[in-house]
Asker: 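Got a structure for you, written out below as structure tokens; questions coming shortly.
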Amino acid sequence: MSGEAVKVAVRVRPFNQREIDRQSKLVIKMDGKMTMIYNPETPNEDPKKFSFDYSYWSHDGFDARGDGTTDPKPGSNYASQRMVFENLGQGVLNNAFEGYNCSLFAYGQTGSGKSYSMIGYGANKGIVPTTCDELFKTMATNDDPNKRYEVMFSMLEIYNEQVRDLLSKDNPKGGLNVRQNPKLGMFYVEGLKKVPVGSYSEIEKRMEQGTQSRTVASTNMNATSSRAHTVVTIIFDQIIKTDNGETKKSSTMNLVDLAGSERADSTGATGDRLKEGANINKSLSALGNVISALADLSMGKKKVMVPYRDSVLTKLLQNALGGNSKTIMIAALSPADINYDETLGTLRYADRAKKIQNKAVINESPLDKLIRELKEENEKLKRAMESGGMVIKQEAGMSSEDLERMRKQMEEEIRAQLMANQAMLEESETTQNWDQKLAAAQKETHSLDKDVSDATRKKNEIYLINLNEDPMLSGVIVHFIKDGETSIGRKDAQPMPDICLNGLSIQKVHAVLTCKKNVVELEPMSGSGPKTKVNGVPLTSKKKLTHKDRLLFGSNHLYVFLNPKNPEKSEDLPDEITWEFAQKEIAQVKGFATATGAGMSKDQLIAQEQVLEILPMVSEVNAISEELNKQKSFDVVLISAAAQENTYGAANNTTVTVKMKNLLNGNTWLWERGKFMNRRYLIQDMYQRFLDGDDLSKVTKEQDPFWEPTEDTLIGSANVFLQSLSYALDFEDKIMFTDYKGQEEGYIVIHVTPCQKDGKALEEDAFVDEPHELLGKPYHFKVTVKNGEVYKQRFSKGIQVKYRVYKDDSFTETKLVKNTLKPEFKHNKVFTFSKITKEHLEFFEGGCITFMVYGTQEDTVPDPKLLKFTTRELRQMDQGSVPTSAAVTRRNTHFALETASDQSHLKTEVLLLQRKYERLAAKERRMQDICKEWDAKPEGEKQYEPFYRAVSAVAHSSGTRLKTRVHLLNQIMKAEKYLQEKRRQSNAEESQGQVQSKNGRVVRSAEGQRKDGSSACVLQ
Ligand SMILES: Nc1ncnc2c1ncn2[C@@H]1O[C@H](COP(=O)(O)OP(=O)(O)O)[C@@H](O)[C@H]1O
Ligand SMILES: [Mg+2]
């Protein structure tokens, strides 16, 4: 029996609309079996090359047929769904008929095309449905009377290490158990529904049922479906009559659509106090480890432990990966430059997987023997049970409770095995009953909800259709609207609403739709207005709906309203309304810029995408905070590159951050995106436990994802530029510092002075004319933080400044000054470069030091009056206290910020020039004096030599030439002119785009807004 390597295919999809809008560059090339990837940062370098069993080019070179399927253009190497099936699916099918186990799994980041290849969209059917279709077609060609077939279908989802049966209505709390069959060693899911199916259309129906079940679960709890693994299993048995009884050939086909492979989220969790959230991708990382270990094994490495037991997924895939199975992996690739890192990761993963060797055998055994063995096994287990379970040796340190617990656990295992064996036995013994079982299952299958597939009803009736982040789960739930009233609300309302929604922020009776003569109106009920949005706008009163309107109920239930009887839509809408479109609209109403395309940097585009991704999560976490009364509020905060600390040598990007605020005492925390994602996951988990009826009062604050120890808050930061240092001049200024919104929060007085080793002032003539004169010499400078002022009263508890110089790893901190808004820091520190290099000079010329001003936060006892309010009320009060609407304030912020840093830069320059000028003026005076002296001398004493020496000594005293002076003065003039111009411009702009806000403050109107979408902002 020789091993066979896992077959690996990679496939690259077309650009999606977003990628087209942002003029993405293609980074993938394919040539035969070879796939190449170009690094967009170094496009001229040779690409990285990989070779696979199949490299599928599905990026371009195709024509769409009338039914939506695609054909390659003549001469193109385009791979259609059909072609992929013929290469991969057909092989699976052939193997199944031979009696091999087969596995097919799709790997890749979210949106890369896993589901497209596996399941497919519309007419573009993927491998799974086509394989099933062909399976039944081939079965139909059988004319051997001694051969019959039995097909069973199951579908499950693994999310957060819990297994959910997608074909079953009632899944136990905590998911189904995964157990190991001691005899076969294989893991199986206990109690998973296996549905007998007799035709392809039954499988189609069941897949629809499974997808619907995923959709409902993902909507109720906004659980990102991209984090779940979906496993479809088809058990295909062939029963062949022979002279010696019946033989059963059995093939298990596992078709696995893996969770998105992107790493961004879990890495963010590593810095978090609570790390468990990283668990969410446990199955996927375990899969990576298993693949690595198996690849090592097949490369001849000895003593490799394959960690199958580390996760639910790897347990269930054990056979598929390292055992009795013919396995295919399809790795889905995004073509776009922005995804380069992830795509490269996917290619490397695929490259490792192709090294794995499997040993598939034909699963064929006489039925009699199988039955006999199962019976024997069962007898053994029963005996073990009766004799009180297995004997457990008591080891040192084991209490009698431990022993009892272990005994119970073992008993439980034996019982489960007994049951599993019994079920298998029944399956095998009652083959005669197959027809009955099938008939019963078919009855159930046919009774399944028909709404979605009901194409004719969709043409003639008014309905709502769901939108989901995962396109596979969009358009899966349909509610037809009847004449009269249709109520929307929770299941526990009396009477039960017509449309039952579950989950956050849904009121018992949430809203009512009224349909009269094909005109539908939506009315919010019992104060649900803010939690019902039409086209992104909170619904305040009854509103007439228009074809293609977007409706959001609670935090997660998003629908499109479709009225084929009155299809006049309101605006210039795209043909197809997507989840993205609806989310963008919601973000826009909240004041986030969502412009696309040209003019935006990659950094800004990424930030924008992250905002769109994170906004619904933040709304959800706020809703949970309200529901669990956690007295915390969450906002999305965008921190522009300019508002971040400037670390020498590191490029800054706009970062998407979430601010958590304690509504009782005003303390705030800033969480980076990854940390927020981690917490959100833990918060969801906590909420799920709450729904399950767990007692949350036992959760300690250390375990509580809403809790965080108080930490200093960053009040604001200021950059000090260092050109003066390259001329060995000192710099002294009172500089404003601004918060991430660009608002002035106070000032600090900073000195940066070149000095001697011990911090003493330099000699007068240490001044250099050209920075390169400093090269190779030692250099010392002193940073002084004298004093400052902070404007906001709530920061009076304690103020401290932190900064880093050049490549310092750690921060230099001033002392903490308490109980004042006007701290005297009296801090200074000497920094030494033992030998000035070019890079040091670059740092002086272009770099800066960012001074970060921190305020102490204390866990103060809240005002008892506040404790009377619910979190919902507190959040409303908090939002009310923002003077202008958040949407308006956030618009002018980025601009302010840039000006602030520009001005400080210019100021440094002017100051520097002034210093130089002063020195030169002094020199000039000195020369004039020498000349006067010369003039005053009697003619006979006018000796040229000493006079020349004196003049040139002054002129060259610090390398200064008069030419330099002219040059410098010119520069001053230029700088002045620039400053004036800048001032004039900003005045003009302000008067152009101004509107007067409610409180009289001047704010920038939408027209004056920067189009780059990178303005710093706060979400209410
Ligand atoms: N080969 C392909 N040809 C055309 N469209 C594709 C292809 N692969 C993916 N897509 C489209 O890209 C989007 C994301 O694909 P999907 O399969 O849902 O990604 P994933 O399952 O990896 O998250 C879908 O809208 C899908 O229709
Ligand atoms: Mg998918």
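Whatever order the structure lists them in is the order used to number ligands and atoms, beginning at 1.
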Asker: Which pairs of N or O atoms, one from ligand 1 and one from the protein, are separated by less than 3.5 Å, and what is the distance for each pair?
Answerer:
residue	atom	partner	partner atom	Å
ligand 1	17 (O)	Ser115	N	3.1
ligand 1	17 (O)	Tyr116	N	2.7
ligand 1	18 (O)	Tyr121	OH	2.5
ligand 1	19 (O)	Gly113	N	3.1
ligand 1	21 (O)	Ser115	N	2.9
ligand 1	21 (O)	Ser115	OG	2.8
ligand 1	22 (O)	Ser112	N	3.3
ligand 1	22 (O)	Gly113	N	3.0
ligand 1	22 (O)	Lys114	N	2.8
ligand 1	22 (O)	Lys114	NZ	2.9
ligand 1	23 (O)	Gly111	N	2.6

Asker: Between the side chains of Arg206 and Thr445, does any donor sit under 3.5 Å from an acceptor?
Answerer: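 Yes, Thr445 and Arg206 have a side-chain donor paired with an acceptor closer than 3.5 Å.
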
Asker: Within 45° of the six-membered ring axis of Phe52 and under 6.0 Å from that ring's centre, is NZ or CZ of Lys354 located there?
Answerer: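 Pair Lys354/Phe52 counts as cation-pi.
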
Asker: Pull up every protein N/O/S atom sitting under 2.8 Å from the Mg ion (ligand 2), skipping waters.
Answerer: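 Listed by chain and number: Ser115 OG.
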
Asker: So which of Lys584, Arg673, Arg18 actually passes salt bridge (Lys or Arg N to Asp or Glu O under 4.0 Å) with Glu613?
Answerer: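 It is Arg673, the one option of Lys584, Arg673, Arg18 that forms the salt bridge (Lys or Arg N to Asp or Glu O under 4.0 Å) with Glu613.
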
Asker: Name the orientation class of the two ring planes belonging to Tyr78 and Phe62 (parallel below 30°, tilted from 30 to 60°, perpendicular beyond 60°).
Answerer: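 Aromatic pair Tyr78/Phe62 classed tilted.
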
Asker: Enumerate the residue pairs fulfilling salt bridge (Lys or Arg N to Asp or Glu O under 4.0 Å) with a member in residues 105-124, sequence neighbours excluded, ordered by first and then second residue.
Answerer: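 Non-adjacent pairs meeting salt bridge (Lys or Arg N to Asp or Glu O under 4.0 Å): zero.
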
Asker: I'd like to know if Asp63 and Lys73 make a salt bridge, using a cut-off of under 4.0 Å between side-chain N and carboxylate O.
Answerer: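 Judged by the 4.0 Å cut-off on N to carboxylate O distance, Asp63 and Lys73 do form a salt bridge.
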
Asker: Less than 4.0 angstrom from a charged side-chain N to a carboxylate O is my criterion; do Arg13 and Glu19 meet it?
Answerer: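 Result for this pair is yes, salt bridge flagged.
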
Asker: What donor-acceptor contacts under 3.5 angstrom involve side-chain atoms of residues 123-137, with partners at least two apart or in another chain?
Answerer:
residue	atom	partner	partner atom	Å
Asn124	ND2	Gly68	O	3.0
Thr130	OG1	Gly126	O	2.7
Thr131	OG1	Ile127	O	2.5

Asker: Under a 3.5 Å threshold, yes or no: a donor from one side chain and an acceptor from the other, between Tyr38 and Asp337?
Answerer: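 No - no donor-acceptor pair under 3.5 Å links their side chains.
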
